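Notes to accompany the following structure.
Remember, predicted model here, so these are calculated numbers, not experimental data.
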Amino acid sequence: MSATPVHSATPPAPPRLLSFDEAMSRLLAHARPLEGEETLDTMDALERVLAADITSGLSVPPADNTSMDGYALRAADAGDAPMAVSQRIPAGHVGQPLQAGTVARIFTGAMIPAGADAVVMQEQVDVVSAPGTEPVMVRLQHRPKSGEWVRRRGEDIAEGAVILSAGHLLSAQSLGLAASVGVAQLRVKPRIKVACFFTGDELAMPGEPLKPGAIYNSNRFVLVNALRALGCEVTDLGIVPDTLQATREALRRAAQAADLILTSGGVSVGEEDHVRPAVQAEGELDLWQIAIKPGKPLAYGKVRKAEQGQMAHFIGLPGNPVSSLVTFWLFVKPFVRMLQGVAEPQAREHLKPLMLRADFDWPKPDKRREFLRVRINEQGGLDLYPNQSSGVLTSTVWADGLLDNPPQQAIVKGDLVRFLPMARLLK
């Protein structure tokens with residue numbers, strides 16, 4: 001009697017990796033701006049998103065004024081003969097109509113008096129009368145053209161113009177622009193509430209003794225503060241044990257108070273990676289594994305809230321510190337910006353590359369799209385950090401940007417490459 005052959009089960013095929021562009025498109029399709037708005041003092045609205053257009057109720061400048069200290073006059077009156085100074089006009093004061101054939105001593109920002117149409121800067125004027133003589137007489141070293149050194153009414157902002165549009169992310173200069181037209185309060189979109197937790201039995205906090213096999217949890221410090229820098233209201237749930245039950249409980253707790261849940265670690269395929277199955281049990285997983293390096297095991301889904309039909313967004317980042325930070329810049333930042341109400345083009349502005357010269361060779365590219373840590377050198381080219389491992393956090397402090405390299409694209413010294421400046425990634 002012959003033995004029955006034993007056939008081993010065929011392992012399931014690994015899921016297809018999503019391209020960067022496909023993953024970005026699918027992720028941002030879920031990023032609907034939060035409803036509601038609040039009113040804040042303009043001084044307190046930094047990094048908030050406008051909920052309504054700002055229309056100027058006045059012209060800036062409100063009247064023709066001088067951009068220089070000097071002498072205001074009618075350009076046609078300028079000549080070689082001395083001219084009398086008929087009045088003095090400091091900034092914040094209104095002069096009298098200019099007497100024909102005279103000049104007005106005027107200071108930067110002061111209104112141009114009626115009858116004058118130009119300013120000669122004080123460095124081009126000689127005072128020729130004796131001290132104490134009235135009126136003071138001056139001789140021009142320069143014959144101005146009409147309009148010289150005059151800032152015209154409304155040349156910066158016209159009355160009735162929209163100066164900032166709904167969806168605009170408010171910078172310090174944006175707040176100054178609003179203040180320049182007298183806007184004391186702004187209607188803004190609500191803050192995004194983000195709950196974070198970090199998985200891994202190996203994680204310890206600075207100040208604690210480091211047990212064998214343990215590492216300090218750098219991702220907690222990076223991600224919590226990166227979210228705060230984006231203007232989010234952050235709830236830090238700390239380190240969660242590496243069990244499915246603990247992870248599910250953390251997701252349920254996070255979902256109650258958050259618009260977005262952000263985790264680090266536990267989204268790969270190991271037996272101790274519980275975040276992905278926990279999300280599937282507590283909600284749904286819509287996106288997993290991206291064809292990028294570093295950062296392949298990024299995940300997106302939703303977690304049910306206690307309220308019927310309500311769900312919180314979920315983004316799971318890799319646990320390696322460089323992978324976590326790079327995927328935060330690439331995916332989490334534009335997602336958060338769009339939840340805040342920023343329009344997609346502006347939300348992805350930081351991903352527009354500059355073309356710079358590579359001053360190194362990269363002969364063995366990966367089949368995935370790579371984001372390499374680089375720094376601009378004194379010659380204006382890019383140097384490569386020597387160790388591109390996803391665990392080398394030092395590289396993110398040394399670098400001043402990422403090189404966005406297409407799949408399987410070798411780099412030869414002198415090639416023009418796509419550079420993403422750190423200043424934009426952090427902004």
Side-chain angles (χ1 to χ4, degrees), residues 14-28 215 218-219 222-223 226 264-265 267-269 287-299 315-335 348-427:
R16 179 180 69 87
L17 299 184
L18 299 175
S19 71
F20 175 90
D21 292 330
E22 183 180 3
M24 181 68 74
S25 178
R26 286 176 54 174
L27 177 68
L28 296 187
I215 58 172
S218 62
N219 286 349
V222 171
L223 297 178
S264 174
V267 289
S268 191
V269 294
L287 182 154
W288 181 54
Q289 294 204 331
I290 318 299
I292 62 172
K293 182 180 181 181
K296 171 185 170 184
L298 177 133
I315 298 180
L317 302 182
N320 280 321
V322 176
S323 301
S324 179
L325 181 54
V326 168
T327 50
F328 182 92
W329 285 333
L330 298 179
F331 294 97
V332 178
K333 179 180 174 180
F335 189 86
R348 299 177 64 173
E349 188 72 23
H350 65 295
L351 301 180
K352 288 185 178 180
L354 304 176
M355 301 305 294
L356 295 184
R357 183 189 70 247
D359 286 348
F360 61 89
D361 294 320
W362 188 248
K364 296 181 179 180
D366 198 85
K367 62 183 179 180
R368 293 172 284 168
R369 186 166 171 174
E370 297 173 289
F371 292 89
L372 308 173
R373 280 82 76 200
V374 292
R375 183 166 71 182
I376 300 175
N377 57 39
E378 293 181 356
Q379 293 73 43
L382 295 175
D383 292 332
L384 182 74
Y385 194 78
N387 187 343
Q388 290 290 315
S389 167
S390 60
V392 181
L393 194 58
T394 308
S395 65
T396 65
V397 176
W398 173 90
D400 56 19
L402 299 176
L403 190 162
D404 178 2
N405 195 43
Q408 300 180 327
Q409 178 68 57
I411 299 172
V412 177
K413 187 175 181 179
D415 285 349
L416 288 179
V417 293
R418 297 159 54 92
F419 175 68
L420 304 177
M422 191 77 77
R424 292 186 187 174
L425 296 171
L426 295 172
K427 186 177 177 182

Report summary line: Between the NE2 atom in His350 and the CG atom in Leu330, the distance rounded to the nearest 0.5 Å is 6.5 Å

Report task. Examine distances only and state if a side-chain atom of Asp400 and a backbone atom of Met422 form a donor-acceptor pair shorter than 3.5 Å. Result -> no

Query raised in the report: If every non-hydrogen atom of Asn377 is compared with every non-hydrogen atom of Arg357, which pair is closest and at what distance?
Result: OD1-NH2, 4.5 Å

Query raised in the report: How far apart are the C-alpha atoms of Phe20 and Phe331, what are their side-chain angles, what is the distance that settles it, and do they pass the ring pair (Phe, Tyr, Trp, His ring centres under 6.0 Å) test?
Result: CA-CA 10 Å; Phe20 175 90; Phe331 294 97; 5.3 Å; yes

Report summary line: Minimal heavy-atom distance between Pro318 and Asn219, with the atoms involved, is O-ND2, 4.3 Å

Requested in this report: Take Asp359 and Leu382, measure what side-chain contact (heavy atoms from CB on, under 4.5 Å) needs, and give me the verdict at the end.
Outcome: CA-CA 5 Å; Asp359 286 348; Leu382 295 175; 5.9 Å; no

Query raised in the report: How long is the span from the CG atom in Leu420 to the CG atom in Leu354, to the nearest 0.5 Å?
Result: 8.0 Å

Query raised in the report: CZ/Phe335 to CG/Leu28 distance, rounded to the nearest 0.5 angstrom?
Result: 7.5 Å

Report summary line: Between Leu18 and Ala23 the two heavy atoms that sit nearest each other are CB-CB, 4.2 Å

Query raised in the report: Rounded to the nearest 0.5 Å, how far apart are CG of Leu317 and CG of Leu298?
Result: 6.0 Å

Requested in this report: Nearest 0.5 Å please: distance from the CG atom of Leu426 over to the CG atom of Leu325.
Outcome: 8.0 Å

Query - Pair Ile290-Leu17, side-chain contact (heavy atoms from CB on, under 4.5 Å): steps then yes or no - result: CA-CA 5 Å; Ile290 318 299; Leu17 299 184; over 6 Å; no

Requested in this report: Check each of Ser390, Pro297, Ser264 against Ser323 using the side-chain contact (heavy atoms from CB on, under 4.5 Å) test, and report the only one that passes.
Outcome: Ser390

Report task. Taking all non-hydrogen atoms of both residues into account, name the closest pair between Val322 and Val392 and its distance. Result -> CG2-O, 3.2 Å

**Report entry** Any Arg369 side-chain heavy atom under 4.5 Å of Asp21 side chain
**Finding:** yes

Query raised in the report: Does Val222 reach the side chain of Pro321, with side-chain heavy atoms less than 4.5 Å apart?
Result: no

Report summary line: Nearest heavy-atom contact between Pro363 and Pro365 is O-CD, 3.2 Å

Query raised in the report: Side chain of Thr396, backbone of Leu393: donor and acceptor closer than 3.5 Å?
Result: yes

Requested in this report: Please confirm whether the backbone N or O of Lys352 pairs with a side-chain atom of Arg424, one donor and one acceptor, at under 3.5 Å?
Outcome: yes

Query raised in the report: Side chain of Asp415, backbone of Val417: donor and acceptor closer than 3.5 Å?
Result: no

Query raised in the report: Would a 4.5 Å heavy-atom cut-off, applied to side chains only, mark Pro353 and Asp404 as touching?
Result: no

Query raised in the report: When rounded to the nearest 0.5 angstrom, what is the spacing between NZ in Lys296 and CG in Asn320?
Result: 12.5 Å

Query raised in the report: Could you give all pairs that pass the salt bridge (charged side-chain N to carboxylate O under 4.0 Å, His left out) test and reach residues 374-384, with sequence neighbours left out?
Result: none

Query raised in the report: Can you name the closest pair of heavy atoms from Ala399 and Val374 and give their distance?
Result: CB-O, 3.3 Å

Query raised in the report: Within the side chain of Asp366, is there an N or O that forms a donor-acceptor pair under 3.5 Å with the backbone of Glu370?
Result: no

Report task. Identify which one of Trp362, Phe360, Trp398, Phe371 satisfies the ring-ring contact (aromatic ring centres under 6.0 Å, His included) criterion when paired with Tyr385. Result -> Trp398

Report task. Would you check if the side chain of Arg368 reaches a backbone N or O of Ile292 as a donor-acceptor pair within less than 3.5 Å? Result -> yes

Report task. Determine yes or no for a side-chain-to-main-chain donor-acceptor pair under 3.5 angstrom, with Gln388 supplying the side chain and Arg373 the backbone. Result -> yes

